[in-house]
Amino acid sequence: MSNIHNLIPIAALSLLSLANCTGEPQTEGKRLYVHYCANCHLEDGRGVGALVPPLAGADYLHNNRDALPCILVHGLADTIYVNGQLYAEQMPGVESLSHIEVTNILNYIGNAWGNESALFIPDQVKEQLKTCDH
């Protein structure tokens with residue numbers, strides 16, 4: 001019985017260590033955004049003129065929330081309107097992203113640069129990704 005009591009602190013310490021390996025979701029979301037998205041949408045989310053839509057203050061994020069996980073992973077070839085402006089350039093997807101990474105990126109974008117969006121939940125993103133047309 002004393003062996004079990006010795007294992008409890010070790011197990012708890014292991015769980016804490018594992019949790020720290022995944023990083024803070026907001027920090028991880030920013031890191032992933034900078035790596036995968038900032039080249040086109042810029043680090044401040046303002047986009048590039050009439051070529052790349054802004055993410056900062058973008059009505060598209062709110063109006064198309066359920067489609068965002070699929071867009072991030074599979075890209076977008078449609079013409080879209082963001083804040084009343086037409087955008088026709090294709091956006092490549094990042095199919096190698098896990099649903100956790102997608103969740104972290106979307107939560108970062110949704111709450112950076114003055115955006116205020118409800119948080120995405122990993123299990124919901126995972127389910128949304130199963131419904132993508134690609």
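As the structure is a prediction and not an experimental result, all values here were calculated from the model. Throughout, residue positions are numbered sequentially from 1 according to the sequence presented.
- Nearest heavy atom pair, residue Ala56 against residue Asn115, reads C-OD1, 3.8 Å.
- Residue pairs that meet the disulfide (SG to SG under 2.5 Å) test with at least one member in residues 45-121, sequence neighbours left out, are Cys70-Cys132.
- Put simply, CZ on Phe120 and CD1 on Ile105 are 11.5 Å apart, with the number rounded to the nearest 0.5 Å.
- For Glu127, the salt bridge (Lys or Arg N to Asp or Glu O under 4.0 Å) partners two or more places apart in sequence, or in a different chain, are Lys130.
- You'll find the side chain of Glu89 stays beyond 4.5 Å of the side chain of Val52, heavy atoms only.
- Residues Asn107 and Ala118 share a closest heavy-atom pair of OD1-O, 4.4 Å.
- The two residues Leu72 and Met91 have their closest heavy-atom pair at CA-CE, 4.2 Å.
- The distance from the CD1 atom of Ile80 to the CG atom of Asn64 is 7.5 Å, given to the nearest 0.5 Å.
- Ile100 and Val125 end up in different hydrophobic clusters when Ile, Leu, Val, Met, Phe, Trp and Tyr side chains are linked at under 4.5 Å.
- Pairs passing the side-chain hydrogen bond (donor to acceptor under 3.5 Å, both in side chains) check and including a residue from residues 116-126, sequence neighbours excluded, read Arg65-Ser117.
- The distance from atom CD1 of Ile121 to atom NE2 of His99, rounded to the nearest 0.5 Å, is 11.0 Å.
- Rounding to the nearest 0.5 angstrom, the gap separating the OG1 atom in Thr27 from the OH atom in Tyr108 is 10.0 Å.
- Residue pairs meeting the side-chain hydrogen bond (donor to acceptor under 3.5 Å, both in side chains) criterion with at least one member in residues 48-58: none, sequence neighbours excluded.
- In the hydrophobic clustering, where aliphatic and aromatic side chains (Ile, Leu, Val, Met, Phe, Trp, Tyr) are joined below 4.5 Å either directly or transitively, Leu86 groups with Tyr81.
- In this structure, Ala50 and Tyr87 approach most closely via the heavy-atom pair O-CD2, 3.5 Å.
- Residue Asp59 comes nearest to Asn83 through the heavy atom pair OD1-N, 2.7 Å, listed as atom of the first residue, atom of the second, then distance.
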Show me the side-chain donor-acceptor pairs of residues 32-49 shorter than 3.5 Å, one per line, residues at least two apart or across chains.
unit_1 : atom_1 : unit_2 : atom_2 : d
Tyr33  : OH     : Leu42  : O      : 2.6
His41  : ND1    : Pro53  : O      : 2.9
Asp44  : OD1    : Arg46  : N      : 3.2
Asp44  : OD1    : Arg46  : NE     : 3.4
Asp44  : OD2    : Arg46  : NE     : 2.7

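- Of all heavy-atom pairs between Leu61 and Leu68, the closest is O-CD1, 3.5 Å.
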